[in-house]
2 protein chains.
Amino acid sequence: MAAMSAPDSIDLARLRRSCAKCSLQQLCLPAGVSARELEQLERIVQRNRHVGRGERLFWPGAPLTGVFVAREGAFKTTVLDESGEEQVLGFHLPGEVIGLDAMGTGVHRCEAVALGEAQVCEIPFDQLTTVAAQLPSLQQQLMRVIGQGVDRDQDHLGVLVRRQANERVALFLHGLGERLRTVGLSSSRFRLPMSREDIARYLGLALETVSRGFTRLQDDGVIEVTGRQVEVLDPERLTRMAHGAEEERNARRGRA
Amino acid sequence: MAAMSAPDSIDLARLRRSCAKCSLQQLCLPAGVSARELEQLERIVQRNRHVGRGERLFWPGAPLTGVFVAREGAFKTTVLDESGEEQVLGFHLPGEVIGLDAMGTGVHRCEAVALGEAQVCEIPFDQLTTVAAQLPSLQQQLMRVIGQGVDRDQDHLGVLVRRQANERVALFLHGLGERLRTVGLSSSRFRLPMSREDIARYLGLALETVSRGFTRLQDDGVIEVTGRQVEVLDPERLTRMAHGAEEERNARRGRA
DNA sequence: CGTCGATTTGACGCTGGTCAAACCTTGTGG
DNA sequence: CCACAAGGTTTGACCAGCGTCAAATCGACG
């Protein structure tokens with residue numbers, strides 16, 4: 001597919017583990033960037049750094065050094081509100097960019113924590129902008145990635161404004177499944193990387209309410225849950241519930 | 001209505017009404033951009049287009065043609081959820097950029113509506129990126145503006161996760177005041193550009209709950225409301241309530 | 001001055017937050 | 001390999017905050 005070009009000296013071993021060979025390539029920053037340009041990008045990427053469970057990539061007040069891409073494992077980004085409660089802003093799966101929250105001020109306002117053992121690639125931000133300024137397609141891709149982040153935030157908003165707790169839970173599971181699929185994992189059988197508490201803090205609900213939501217979905221035969229292991233039995237119904245077709249679950253009262 | 005662009009010759013009269021002379025300059029895209037570079041930016045800006053009450057700048061599905069900056073008046077951006085309910089994503093005051101939601105896909109996902117008579121400047125997006133690629137400081141400023149938009153979305157999230165309805169209302173009023181101040185208006189005496197319903201759909205509450213929140217704040221002597229006219233009597237108390245110091249309002253129950 | 005929409009106020013019931021306790025899962029050490 | 005401990009998760013009971021329906025009042029604009 002991509003023609004190989006051999007400009008200067010290329011370390012073959014390194015290339016093998018490179019962005020060009022990365023299974024996430026089409027989801028990650030390099031998507032749509034030509035092979036020639038990709039090489040420039042590769043020079044500044046620090047690949048596959050290991051991150052232990054609970055380890056932080058950055059924290060509030062830390063200066064923006066670089067953007068991270070989850071390579072393996074999952075992350076959450078959180079802020080502490082003034083009463084000291086943790087609020088979960090988002091979850092980040094492989095291929096998703098983390099750290100752009102500092103673009104506005106140059107300083108991070110949230111913290112990013114690994115939910116389990118994970119690996120990330122890091123791209124120094126100043127170098128990224130420098131390189132991007134010279135490579136239109138990378139520039140454009142950078143914009144796209146930023147835009148996707150905004151889209152995700154807005155989806156999150158959409159979930160929070162939706163009042164019914166069970167709808168939020170259904171929407172969360174559905175959305176997670178969709179995202180897992182794009183990473184090449186099963187969307188119908190997976191292990192949640194985050195705790196009920198994390199989910200609750202993401203959905204703006206009490207932990208117990210999330211748990212009850214899961215139980216309810218199970219009782220209705222839509223999913224099967226054992227702790228963090230989830231199996232989606234009726235994907236269609238889950239989709240419908242996530243998209244607001246509530247009357248299907250039980251015709252309790254009509255809605256406009 | 002749309003002025004013909006004459007890129008080569010520079011009209012002095014036009015310059016007078018230019019970004020360089022604009023009172024919003026320091027809040028808008030040109031902030032931090034040098035005079036020389038500003039001139040380049042000016043060539044592509046279409047300034048001071050009038051927008052009538054209820055008129056839309058763009059709508060879901062419309063291709064990204066340009067970014068808008070509110071010059072005068074206020075806007076709201078909204079999406080329709082699958083049950084046809086309007087959800088308010090944000091309000092936009094003078095100096096704030098509108099339309100970057102389409103960066104991810106090139107297509108707008110929300111619509112932007114003028115809340116009253118308004119004026120906007122428009123910058124064709126492709127030309128903006130072209131020019132920005134050549135002007136590092138503009139490039140950086142663009143990033144900053146985008147980042148600020150993300151920050152605002154996250155603040156919005158912060159409001160929605162906060163469960164107490166009255167806290168949301170207080171936070172909303174406080175935040176609006178702060179933003180009005182940065183535009184050079186009074187933060188203690190203003191007229192709301194949006195309806196209670198818009199506020200409700202922004203805060204994820206019922207319209208009546210918002211109204212009751214206002215009434216409650218008034219009964220407590222924090223503000224004075226008459227329709228859309230608001231006067232903040234006790235800014236400190238409002239700030240404290242917005243920041244979660246709820247026990248001050250009435251010591252009903254202790255909170256952790 | 002009248003009409004229409006926006007806002008306020010009231011009454012009522014359900015959803016979901018809170019407190020509490022039981023249960024299950026995972027990891028550790030014997 | 002099993003026992004124990006420590007979180008994580010589920011379930012139950014209770015009730016208050018807020019959504020819903022309804023009606024009155026207010027304010028803006030013709």
Side-chain angles (χ1 to χ4, degrees), chain A residues 52-54 76 83 85-88 115-117 159-170 172-173 191-201 203-219 223-230 246 249-256, chain B residues 52-54 76 83 85-87 115-117 159-170 173 191-201 203-219 223-230 246 249-256:
Chain A
R53 175 196 185 87
K76 66 174 177 182
S83 48
E85 300 277 319
E86 179 179 297
Q87 175 188 153
V88 176
L115 292 169
E117 301 301 306
V159 177
L160 288 174
V161 175
R162 189 174 251 37
R163 346 197 131 100
Q164 303 287 0
N166 289 338
E167 280 184 52
R168 294 193 202 182
V169 174
F172 171 75
L173 274 178
R191 170 163 277 270
L192 297 168
M194 70 294 281
S195 69
R196 297 288 187 274
E197 187 167 17
D198 284 336
I199 299 174
R201 287 180 169 159
L203 295 179
L205 297 172
L207 174 168
E208 296 92 328
T209 306
V210 173
S211 180
R212 280 186 249 267
F214 278 43
T215 305
R216 179 64 182 274
L217 284 171
Q218 183 167 244
D219 292 348
I223 62 172
E224 177 129 357
V225 200
T226 331
R228 296 196 178 182
Q229 193 64 38
V230 174
E246 194 70 1
R249 190 166 52 182
N250 61 54
R252 193 177 287 160
R253 59 132 188 280
R255 245 200 118 190
Chain B
R53 175 197 187 87
K76 67 174 177 182
S83 47
E85 300 278 319
E86 179 180 296
Q87 176 188 152
L115 292 169
E117 300 302 306
V159 176
L160 288 173
V161 175
R162 192 174 249 39
R163 348 200 130 99
Q164 302 287 0
N166 289 337
E167 281 184 51
R168 294 193 202 181
V169 174
L173 274 178
R191 170 164 277 271
L192 296 168
M194 72 292 281
S195 69
R196 297 287 187 272
E197 188 167 18
D198 285 336
I199 300 175
R201 288 179 167 159
L203 295 178
L205 296 171
L207 174 167
E208 296 93 327
T209 306
V210 173
S211 179
R212 280 186 248 267
F214 277 43
T215 305
R216 180 63 182 273
L217 283 170
Q218 183 168 243
D219 291 348
I223 62 173
E224 177 130 356
V225 201
T226 329
R228 296 196 178 182
Q229 192 64 38
V230 174
E246 194 69 1
R249 189 165 53 181
N250 62 53
R252 194 176 288 161
R253 56 130 192 281
R255 243 199 120 191

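Any value given below was found using the heavy atoms of this structure, including those in side chains, with hydrogens, waters and symmetry copies removed. Reminder, nothing fancy here: chain letters follow the sequence lines and each chain counts from 1.
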TODO: State, with a plain yes or no, whether a side-chain heavy atom of Asp219(A) is found less than 4.5 Å away from one of Phe214(A).
DONE: no
Open item on the list: Rounded to whole Å, please give me the gap between CG in Leu203(A) and P in dG17(C).
Closed with: 11 Å
Task: Heavy-atom donor-acceptor pair, Gln218(A) side chain to Ile223(A) backbone, under 3.5 Å - done: no
Open item on the list: Rounded to whole Å, how long is the line connecting atom CD of Glu197(A) with atom C1' of dG7(D)?
Closed with: 11 Å
- [ ] Among the candidates dT15(C), dT9(D), dT9(C), find the nucleotide nearest to the side-chain atoms of Gln164(A).
- [x] dT15(C)
Open item on the list: Under 4.0 Å, counting only non-hydrogen atoms across every strand here, what does Leu205(A) touch: a base, just sugar-phosphate, or nothing?
Closed with: sugar-phosphate
TODO: Identify which nucleotide among dA13(D), dG16(C), dT7(C) has an atom closest to any side-chain atom of Ser211(B), counting heavy atoms from C-beta outward.
DONE: dT7(C)
- [ ] Could you state the atom-to-atom distance from CZ of Arg201(B) to C1' of dA6(C) in whole Å?
- [x] 13 Å
- [ ] By nearest nucleotide on DNA chain C, pick out whichever of Gly227(B) and Ala165(A) is the more 5' one.
- [x] Gly227(B)
Open item on the list: The side chain of Thr215(A) is closest to which nucleotide in this list: dT8(C), dT10(D), dT11(D)?
Closed with: dT11(D)
Open item on the list: Whether the side chain of Arg216(B) and the base of dT9(C) hold a donor-acceptor pair under 3.5 Å is what I'd like checked.
Closed with: no
Open item on the list: Nearest whole Å is fine: how far is dA11(C) C1' from Glu208(B) CD?
Closed with: 12 Å
Open item on the list: Closest approach to the side chain of Thr209(A), judged atom by atom: which nucleotide of dT9(C), dG16(C), dG12(D) is it?
Closed with: dG16(C)
Open item on the list: With heavy-atom distances below 4.5 Å as the criterion, would you say the side chains of Arg201(B) and Lys76(B) are in contact?
Closed with: no
Open item on the list: For the backbone of Gly227(B) and the side chain of Arg196(B), can you confirm whether one donor and one acceptor N or O come within less than 3.5 Å of each other?
Closed with: yes
TODO: May I ask you to evaluate whether Arg196(B) reaches the phosphate of dT8(C), defined as a side-chain N or O under 4.0 Å from OP1 or OP2?
DONE: yes
TODO: Select base, sugar-phosphate, or nothing to describe what Ser195(B) touches, counting heavy atoms under 4.0 Å on all strands.
DONE: sugar-phosphate
Open item on the list: Using whole Å, what does the distance between atom P of nucleotide dT10(D) and atom CG of Asp219(A) come to?
Closed with: 12 Å
TODO: State which of dT25(C), dG27(D), dT8(C) makes the closest approach to the side chain of Thr226(A).
DONE: dT25(C)
Open item on the list: Within the 4.0 Å heavy-atom criterion, would you say Arg228(B) contacts the bases, only the backbone, or no part of the nucleic acid?
Closed with: sugar-phosphate
Task: base_contact_polar (dG12(D) base, Arg212(A) side chain, donor-acceptor, <3.5 Å) - done: yes
Task: Integer-rounded Å distance: dT8(C) C1' and Ile199(B) CD1 - done: 14 Å
Task: Length of the line joining Leu207(A):CG and dG16(C):P, which is rounded to integer Å - done: 15 Å
Open item on the list: Considering every strand and a 4.0 Å limit on heavy-atom distances, what is the contact class for Arg191(A): base, sugar-phosphate, or nothing?
Closed with: sugar-phosphate
TODO: Evaluate the salt bridge (charged side-chain N to carboxylate O under 4.0 Å, His left out) criterion for residues Glu208(A) and Arg212(A): first the C-alpha distance (whole Å), next the side-chain angles of each, then the deciding distance (0.1 Å), finally the verdict.
DONE: CA-CA 6 Å; Glu208(A) 296 92 328; Arg212(A) 280 186 249 267; 5.8 Å; no
TODO: In sequence, state the C-alpha distance, the side-chain angles, and the governing distance for Arg162(A) and Glu167(A), and then conclude on salt bridge (charged side-chain N to carboxylate O under 4.0 Å, His left out).
DONE: CA-CA 7 Å; Arg162(A) 189 174 251 37; Glu167(A) 280 184 52; 2.9 Å; yes
- [ ] For Gln218(B) and dC26(D), give me the distance from atom CD to atom P, rounded to whole Å.
- [x] 13 Å
